Amino acid sequence: MIDRKRPRRKESAAPALRVGAVSYLNSKPLIEGLAERLPAGKLILDYPSRLADDLAAGKLDVALIPSIEAFGDPDYEIVSDACVASRGPVLSVKLYFRVPPGSVRSLALDAGSRTSAALARIMLAERFGVLPELESLSMGSNLAATTADAVLLIGDRAMQPVEQEFSEIWDLGDEWLRWTGLPFVFAMWVGAESARTSELEQALSESRDAGVTAVRRIAEREAPGLHLGVDTAFRYLTENLHFKLGSPERSGLRLFHELAVQHGLAPAQCGVLGRRRPQRFRFASQPATV
């Protein structure tokens, strides 16, 4: 008698995760070796705005996106305690004033960062009652490309010394800390609840830890292409940024969301911050009046 065994049913493999990240210097410690650590999936590098759009469209499962974008969908969740944050001067996000802050009537915003643009608008409105006319400054443009009263620059351009005279220059990370007493989170890993797994969290944490350990090597590798000195890049990654989302960072996120809602820059429902009631924050310094 022939033993006819049923063929073993093939187990369906879990779909590969599509993970998106930026390739900016400030994110390099978060993606060090990440492509090899992902449990099942691929790493896609793109601009922050495109990553946010692709995550919203379902083309990505998880992405490192600007915090203002993370507020945009009530179904988003934070999927890792790895982030890009500052606890003081951030060096790479600056607002240049040609007139005193209270006299600003036009504001040029670097198209490369929606979060920094929102932060600049909030701080001008809250501290000085200023609601300027806005213009977009294309990525790659410099301060000479606009005559606006105030100009927001991000990235390596903001890290370079300036030759022009300005009424004031704000480092937005430093200004936020002085005003609120809280850190500022510029970007974090976000995705739908279904994308959050222990394997993914481990991969993201391990990559962050490896990147923090390898900061000197990252600075040596990345600085020449950005026209920065290796020591400048190293100090930036070790002194101006930190990469762990703790309780103070979450408090900073909640305050930023609360202010963004008040100014029509974010929806009130926010999945990444849970369903907690809004808190009343005591500012480190009172907002200035006009």
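Note that the structure is predicted; figures quoted are calculated from it, not measured.
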Do the side chains of L172 and L134 join up, straight or via other hydrophobic residues, at under 4.5 Å, putting them in one cluster? yes
Test V185 against V84 for side-chain contact (heavy atoms from CB on, under 4.5 Å), laying out the working first. CA-CA 6 Å; V185 178; V84 179; over 6 Å; no
Between the NZ atom in K94 and the CD1 atom in I154, the distance rounded to the nearest 0.5 Å is 13.0 Å
Backbone of L137 reached by a side-chain donor or acceptor of S141 within 3.5 Å: no
Side chains of R121 and H263: does their closest heavy-atom pair fall under 4.5 Å? no
Give a yes-or-no answer on whether the side chains of R254 and S251 include a donor-acceptor pair shorter than 3.5 Å. yes
Look up atom CE in M159 and atom CZ in R235, then write down how far apart they are to the nearest 0.5 Å. 9.0 Å
Listed partners of E175 passing side chain to side chain contact (heavy atoms under 4.5 Å, CB included), at least two apart: M123, R127, W170
Kindly say whether P183 contributes a backbone atom to a donor-acceptor pair with the side chain of W176 at under 3.5 angstrom? yes
Would you say the side-chain atoms of D171 pair up with the backbone N or O of V90, donor to acceptor, closer than 3.5 Å? yes
Other residues, nucleotides and ligands only: do more than 12 of their heavy atoms fall within 6.0 Å of CD on Q164? yes
Would R114 and E69 count as a salt bridge (charged side-chain N to carboxylate O under 4.0 Å, His left out) if you check the C-alpha gap in whole Å, the side-chain angles of each, and the deciding distance to 0.1 Å? CA-CA 8 Å; R114 296 173 185 173; E69 304 286 359; 2.5 Å; yes
Can R87 and E249 be counted as an ion pair, charged N to O under 4.0 angstrom? yes
Taking R18 first and then D54, would you say they form a salt bridge - that is, a charged N and a carboxylate O separated by under 4.0 Å? no
D174 with R178: basic N within carboxylate O range, under 4.0 Å: yes
Is the closest side-chain heavy-atom distance between Q202 and T197 below 4.5 Å? no
Has S27 got a side-chain atom pairing as donor or acceptor with S23's backbone, closer than 3.5 angstrom? no
Side chains of V62 and L55, heavy atoms from C-beta outward: is any pair under 4.5 Å? no
Nearest atoms (heavy-atom pairs only) where P100 meets S167: N-OG, 3.6 Å
Quick one: do V261 and I68 end up in the same hydrophobic cluster if we chain Ile, Leu, Val, Met, Phe, Trp and Tyr together by side-chain heavy atoms under 4.5 Å apart? no
With a 4.5 Å cut-off on side-chain heavy atoms, are S67 and L253 touching? yes
Would you say the side-chain atoms of S106 pair up with the backbone N or O of D149, donor to acceptor, closer than 3.5 Å? yes
Reported CG-to-CG distance for the pair D156 and L226, which is rounded to 0.5 angstrom: 5.0 Å
Would you mind reporting whether V151 and L95 have side-chain heavy atoms less than 4.5 Å apart? no
With rounding to the nearest 0.5 Å, note down the distance linking CG in L204 to CG in D81. 9.0 Å
Stepwise, does the side chain to side chain donor-acceptor pair (under 3.5 Å) test hold for H227 with Q160? CA-CA 9 Å; H227 307 292; Q160 304 288 351; over 6 Å; no
I want to check something: taking the side chain as every heavy atom from C-beta on, are F184 and T115 in contact at a cut-off of under 4.5 Å? yes
Quick check: does any side chain N or O of R37 sit under 3.5 Å from a backbone N or O of E32, one acting as donor and the other as acceptor? yes
Would you confirm whether the ring centroid of F97 sits within less than 6.0 angstrom of the ring centroid of F166? no
Quick one: closest heavy-atom pair of N240 and S86, and the distance? O-CB, 3.6 Å
Determine, step by step, whether W189 and L30 satisfy the side-chain contact (heavy atoms from CB on, under 4.5 Å) criterion, reporting the C-alpha distance in whole Å, the side-chain angles of both residues, the deciding distance to 0.1 Å, and the verdict. CA-CA 10 Å; W189 290 107; L30 296 187; 4.3 Å; yes
Please round to the nearest 0.5 Å and tell me the distance separating atom OG1 of T232 and atom CD of E239. 10.5 Å
Using modelled atom types and a 3.5 Å cut-off, is there a donor and acceptor pairing between side-chain atoms of S103 and backbone atoms of V99? no
Please report the interatomic distance CG(L38) to CG(L200), rounded to the nearest 0.5 Å. 7.0 Å
Can you confirm if the NZ or CZ of R208 lies within 45° of the ring axis of F243 and under 6.0 Å from the centre of its six-membered ring? no
Return the minimal non-hydrogen interatomic distance between A111 and S136, and the atom names on each side. CB-OG, 3.7 Å
State, yes or no, whether a side-chain contact exists between L152 and V93 at a heavy-atom distance under 4.5 Å. yes
Quick one, E126 with L259, criterion side-chain contact (heavy atoms from CB on, under 4.5 Å). Give me CA distance, side-chain angles, the key distance, then yes/no. CA-CA 9 Å; E126 288 287 323; L259 293 170; 3.9 Å; yes
Starting from L109, can I reach Y96 by hopping between I/L/V/M/F/W/Y residues whose side chains sit under 4.5 Å apart? no
Looking only at heavy atoms, what is the nearest atom pair of P132 and L124, with distance? CG-CD1, 4.4 Å
Derivation and outcome, side-chain contact (heavy atoms from CB on, under 4.5 Å), residues V190 and D73: CA-CA 10 Å; V190 171; D73 192 316; over 6 Å; no
Is the backbone of P267 close enough, under 3.5 Å, to the side chain of H257 for a donor and an acceptor to pair up by distance? yes
Spell out, as yes or no, whether a donor-acceptor pair under 3.5 Å connects the side chain of Y236 to the backbone of L25. no
Ring centroid separation F256 to F71 under 6.0 Å: yes
What closest approach, in Å, do A16 and D61 show between heavy atoms, and which atom pair accounts for it? O-OD2, 3.8 Å
Student check: side-chain heavy atoms of L153 and L143 closer than 4.5 Å: yes
Exercise: identify the closest heavy-atom pair between I78 and V272: CD1-O, 3.5 Å
